[in-house]
Amino acid sequence: MAQDRQEPPAKRFKAAPPGTQPQSAAPPAHVQRRSLPISGARGPLLARLRRLDTAVLIGETGSGKTTQLPQFLYEAGIGQPGVIAVTQPRRVAAVTLAARVAEEKRTELGKLVGYTVRFDDCSCAQTRLRFLTDGMLLREAIGDPLLHKYSVAILDEAHERTIHTDVLFGVVKAAQKKRKERGLRPLKVIVMSATMDVDLFSQYFSGAPVIYLEGRQHPIDIFYTKERQSDYLQAALVSIFQIHQEAPACQDILVFLTGQEEIEAMTKTCRDVAQHLPEGCPRMTVLPLYASLPHSQQLRAFKPTPEGCRKVILSTNIAETSITIAGIKFVVDTGMVKAKKYSPDTGLEVLAVQQVSKAQAWQRTGRAGRQQSGVCYRLYTEEDFEKFEEMTTPEIQRCNLASVVLQLLALKIPNVLTFDFMSKPSPDAIQAAIDQLDLLGAVTQKEGQLVLTPLGKKMAAFPLDPKFSKAILVSPQFHCAEEILTIVSLLSVDSVLHNPPAQRDEVQAVRKKFISSEGDHLTLLNVYRAYKSVNGHKGWCRENFINGRNMKLMAEVRAQLRDICVKLSLPLESCRGDTAAVRRCLAHSLFMNAAQLLPDGSYSTVGSQQAVAIHPSSVLFQCKPACVVFTGLLRTSRCYMRDLCPVDAEWLLEAAPEFFHRKLRTAKS
DNA sequence: GATAATGCC
């Protein structure tokens, strides 16, 4: 494959979340601290920040902004008295950053410097520098919209534009304004980002000044293909082996692909090809990397390879931000990503392979130059690259907003339709969310204003999608709260079922014993009961292709949800063998996701008459129940229902009579 | 009739 050498880009690259990579041998923290580029700018930086209410800080890789700036502010007495909050999109980052800063300050973690993430609060009344996930600060804001305890809010990794960060922008902006109006202590807001979206951030925060920090990034050579590639997998394969035959064996390759199946297939192909290489060629270790891969197998990607052997990592976009692998010399970027879109009119989530944005391509490229100079092969032409979108569409414009709207209402935002989003979701998307909350009985109109009902307030107490909160809240009526807690917890973590494509038959055989003819939810319940009966035994998990890590996480979620139930005085009963009670409860919470079997053997959703099919992963795949509810729709090659539960049609009518009568009318007209 | 990017409360 012919490739033109291009000049390295003038742009620098975005910093990976510090601390998320495995620690190598390094000098003591307080020794290293002074050599970071930010140190030289300390005086002028503090002088500017002291005067500003809001600032946008652009820092490049290795600028040290996340670890140093909070310390500078604290040491200079900026924001005293009060707590300095630093938010992160990911838990590991919040935890490791706090640990790093505590070490630099030579204090015990959890005292002056602490962190707060779900299930793990390592902070106390003396904590002044507090690292938290953005979702955590958002939860806190529901109880205290003005964020009284904080004097400074630093929103880090803002360019990632997670749904939580985007809502937080609006929350801190409103808190800052209200505190000013009421003559309270000011809230200083500092938005930290990589070299993207700068103008947007500044404009949103009323023209806040942008401060640039110098970084350290090794140069990266970029190669584009001369011609457009019709098959990016083939192109990737060619690139991998071209690099393999030319470059020294110690230099590792990171390849960006789109999903599990593709990666597993490519892993196999590469391993096969590597078997038949000419004499003198280095050996090759091919390692897949994606989120649903069991932890132990993910760890293999971090292990250094023995001398004379090259590591080739085939990864999803997990390696773009969440996971940093040391020693990558070559990045191969297919330019493709699997990402979710949402259309409010159909309520459909669409998971589709699409082109990355320019920002995303730069992010991938940057993974090559972290410890040494690197090379990035882009498997598309430069002309095509120029046509890529500048930025990835923020998540808030690609999601079902039911959860967000519920949170905004819990924050007592007067009008969710005019909430000050940095990037406004479409009014249709917001309206669809309001309609959904209305169906669930969470909202009502009061003096021309949309407010939460008592049920809605209870729903907002749960860290869950509103339909799952509803399931829990109605479960006492069916005496099955314990079962519903289990099911909802299982559905709100990554799948506890491990499905390695290579062992498909084995998986099917071993999973038979859990299968319930009453659908996926009850099958999951069986899995949980079996897991409990062996006390989560590791060997049992392995034999049964159960992801033990996700099971443990699920147990933590369940305990948290159960606590909330206790606080709300919900009677927690078990229905034992009465599985119909569980299905009835699911009918009462998932009724807007219902589908009926048509005479021709296909399915159609009850509301929007959308043609749908049973997802092959469902235990009901080869069955034809007359009427089902499902957890969600996903369009890949077809429009699939996931996590199905057979229900009686009468249950649906009993659950939401108005909704179904209305639907019937529209169906007739 | 044939299969699910990532992350968080």
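Order of the sequence lines fixes the chain letters, A, B, ..., with proteins taken first and strands second; residue numbering starts at 1 for each chain.
A:Phe388 is linked by a ring pair (Phe, Tyr, Trp, His ring centres under 6.0 Å) to A:Tyr380, A:Phe385, counting only residues two or more places apart in sequence or in another chain. Taking the ring pair (Phe, Tyr, Trp, His ring centres under 6.0 Å) definition, one finds that A:Tyr232 meets it with nothing, sequence neighbours left out. Not a single salt bridge (charged side-chain N to carboxylate O under 4.0 Å, His left out) links A:Lys470 to another residue, sequence neighbours left out. Every residue two or more places apart in sequence or in another chain that forms a side-chain hydrogen bond (donor to acceptor under 3.5 Å, both in side chains) with A:Gln260 is listed here: A:Ser292. For A:Asp144, there are no salt bridge (charged side-chain N to carboxylate O under 4.0 Å, His left out) partners two or more places apart in sequence or in a different chain. Take A:Arg364 and apply the salt bridge (charged side-chain N to carboxylate O under 4.0 Å, His left out) test, not counting sequence neighbours, and it matches A:Glu320, A:Asp333.
For residues 550-566 of chain A, the pairs satisfying side chain to side chain donor-acceptor pair (under 3.5 Å) are A:Arg118-A:Gln560, A:Glu482-A:Arg558, A:Glu482-A:Arg562, A:Thr486-A:Arg558, with sequence neighbours left out.
Residues A:Leu401 and A:Pro425 come closest through the heavy atom pair CD1-CB, 3.5 Å.
Using a 4.0 Å heavy-atom cutoff across all strands shown, A:Leu138 reaches no nucleic acid atom at all. Residue A:Thr636 is in sugar-phosphate contact alone, with no base atom involved, counting any heavy-atom pair closer than 4.0 Å across all strands shown. Contact annotation for A:Ser637: backbone-only contact, meaning every heavy-atom pair under 4.0 Å involves sugar-phosphate atoms and none involves a base. Backbone-only engagement by A:Tyr640 is indicated by non-hydrogen atom pairs under 4.0 Å involving sugar-phosphate atoms exclusively. As judged by a 4.0 angstrom heavy-atom cut-off over every strand, A:Asn499 is placed among the base-contacting residues. If you check every strand for non-hydrogen atoms under 4.0 Å, A:Gln622 touches a base. Contact annotation for A:Thr316: backbone-only contact, meaning every heavy-atom pair under 4.0 Å involves sugar-phosphate atoms and none involves a base. Using a 4.0 Å heavy-atom distance criterion, A:Arg91 is classed as a sugar-phosphate-only contact.
The stretch residues 114-123 of chain A comes close to DNA chain B through A:Val117, A:Arg118, each having a heavy atom under 4.0 Å from the strand.
Nearest-nucleotide positions on DNA chain B for A:Thr133 and A:Leu289 put A:Leu289 closer to the 5' end.
Here the range on DNA chain B touched by chain A, meaning any atom under 4.0 Å from one of its heavy atoms, is B:dG1 to B:dC9.
A side-chain hydrogen bond (donor to acceptor under 3.5 Å, both in side chains) with A:Ser423 is found for one member of A:Gln397, A:Arg161, A:Glu395 and no other, namely A:Arg161.
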